[in-house]
Amino acid sequence: MKIAFMGTPEFAVASLKRLVEDGHEIVGVFTQPDKPGNRKQLKMPAVKEYALSKNLPVFQPEKMRGEEPLSLLRSLAPELSVVAAYGQILPEAIIAVPPLGTVNIHASLLPKYRGAAPINRAILDGENETGVTLMYIASRLDAGDMICARRTPILPEDDAETLFARLAGIGAELLSETIPAIAAGTAPRTPQDETRATYAKMLSRELSPIDWSSPAQRVIDHVRGLVPWPCASMLLDGKTVKVWHAERGGATNDAPGTLRASKRGIAAACGDGNCIFVTELQPEGGKRMSASAWLNGKRVSAGTVLA
RNA sequence: CGCGGGAUAGAGCAGUUGGCAGCUCGUCGGGCUCAUAACCCGGAGGUCGAGGGUUCAAGUCCCUCUCCCGCAA
């Protein structure tokens, strides 16, 4: 089948890859323009990198609105458009181009967690289940009719990175399995229950600081929900320290925010009388490292209290 | 020319006004212990990121370069 693909980050690559492996003809890959990455260098989206490696035609319009992208897409004559974390709202005209429609792979169980950061938000909220929904695109954000969905548990040891990877795989699978029905016109269309819709707002750096008055589990969810960006953080000696990984500890009498060095990592007291062990962190200007390595150089005096 | 931090033993760091290169962990050997991720004693391990300059003497001061990281998402 002739398919146009629109996607940008790593999450979308699994689906594009699957389409290629299934033998579909990818008539065009639309992805966001290269953005400044670290220190001046332009960084290309993960999807572009993959597309180039397969010699697929790549297009990076600034906007999908306007005549130019529209006539471009028409000239490619896709039968179906597949969207996965593209990063732009698509105009009606673009959505209407392929005769079989425009479908979207969204990393949540819609109508919950519509929007930009469904995976992270699900973890932050302490959910124990999420999934992927395949849907037809409507003009309103993630509000289109659903075709099918697949659930997966959020395991205690999951963080946003592992969950991203798993959901990307599930999304690719779901897409691959459902395309025949879409082609045959037998794919179901289930409207979303608007009354149960929730939104997953985009992440920002302001979310980083850890609130030590929260219960231990909530702090853990905060840490694992924000990797690899913006990451949970704590302020130590006036310096921001990113927390990459933390584990549950036992009860403590220390006041919330109190730190102690220990074999398992840096024990930090939380608001509910329990503590967590920070096991992996990254100091300002430094590399990501294990807590034990960090403790070798910067000794934390027992009882340091964080804000 | 976007702003800033960094590169010193396998890892993480310290190194004052230039004057014998150090600390913690790990590692190796020995000891102690019913036992240990514990404790004690001892050892190995460094072209101080690269190149040039100043100096009797440079990890340290000056110039150039490379690489890493954070912010700007």
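Letters A, B, ... are given to chains in the order of the sequence lines, protein chains preceding strands, and every chain is numbered from 1.
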Would you say [X] reaches [N]'s phosphate, i.e. side-chain N/O to OP1/OP2 under 4.0 Å?
{"X": "A/Arg288", "N": "B/C69", "result": "no"}
{"X": "A/Lys242", "N": "B/C71", "result": "yes"}
{"X": "A/Gln282", "N": "B/G70", "result": "yes"}

Please give the distance between the [atom1] atoms of [N] and [M] as a whole number of Å.
{"N": "B/G26", "M": "B/A50", "atom1": "C1'", "result": "29 Å"}
{"N": "B/C39", "M": "B/C13", "atom1": "P", "result": "23 Å"}
{"N": "B/G4", "M": "B/U8", "atom1": "C1'", "result": "22 Å"}
{"N": "B/C3", "M": "B/C65", "atom1": "P", "result": "15 Å"}
{"N": "B/A38", "M": "B/C28", "atom1": "P", "result": "14 Å"}
{"N": "B/U54", "M": "B/C41", "atom1": "C1'", "result": "46 Å"}
{"N": "B/A9", "M": "B/U24", "atom1": "C1'", "result": "13 Å"}
{"N": "B/C69", "M": "B/A57", "atom1": "P", "result": "38 Å"}

Could you tell me if the side chain of A/Trp212 sits less than 4.5 Å from the side chain of A/Ile276, heavy atoms only?
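The answer is yes; the side chains approach within 4.5 Å.
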What is the base-pairing partner of [N], counting Watson-Crick and G-U wobble geometry with both distances under 3.5 Å?
{"N": "B/U47", "value": "none"}
{"N": "B/C39", "value": "B/G31"}
{"N": "B/G22", "value": "B/C13"}
{"N": "B/G4", "value": "B/C69"}
{"N": "B/C61", "value": "B/G53"}

Given atom [atom1] of [X] and atom [atom2] of [N], what is their separation to the nearest angstrom?
{"X": "A/Leu203", "N": "B/A72", "atom1": "CG", "atom2": "P", "answer": "13 Å"}
{"X": "A/Leu281", "N": "B/G12", "atom1": "CG", "atom2": "C1'", "answer": "11 Å"}
{"X": "A/Trp294", "N": "B/A14", "atom1": "CH2", "atom2": "C1'", "answer": "15 Å"}
{"X": "A/Met289", "N": "B/U24", "atom1": "CE", "atom2": "P", "answer": "19 Å"}
{"X": "A/Glu206", "N": "B/C71", "atom1": "CD", "atom2": "P", "answer": "13 Å"}
{"X": "A/Asn296", "N": "B/G12", "atom1": "CG", "atom2": "C1'", "answer": "5 Å"}

Sidechain-backbone polar pair: A/Thr133 side chain, A/Ser108 backbone, donor-acceptor under 3.5 Å
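Present.
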Please determine whether a side-chain nitrogen of the Lys or Arg among A/Lys112 and A/Glu127 lies less than 4.0 Å from a carboxylate oxygen of the Asp or Glu.
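Yes.
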Charged N-O contact under 4.0 Å between A/Asp145 and A/Arg189
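Result for this pair is yes, salt bridge flagged.
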Please check if the number of heavy atoms outside A/Glu10 that lie under 6.0 Å from its CD is greater than 12.
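Atom CD in A/Glu10 is not crowded, with 12 or fewer foreign heavy atoms closer than 6.0 Å.
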Near A/Arg150 CZ, under 6.0 Å, is it more than 12 heavy atoms from other residues, nucleotides or ligands?
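Yes, the 6.0 Å shell around CZ holds more than 12 heavy atoms from other groups.
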Let's see if you can work this out: which of B/C68, B/A11, B/C71 has an atom nearest to the side-chain heavy atoms of A/Lys287?
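Selected nucleotide: B/C68.
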Quick check on RNA chain B: between A/Arg264 and A/Gly286, whose nearest nucleotide comes earlier from the 5' end?
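Looking at the nearest nucleotide for each, A/Arg264 comes out on the 5' side.
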Does A/Ser292 or A/Pro230 map to a spot on RNA chain B nearer the 5' end, using the closest nucleotide for each?
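Upstream on the strand: A/Ser292.
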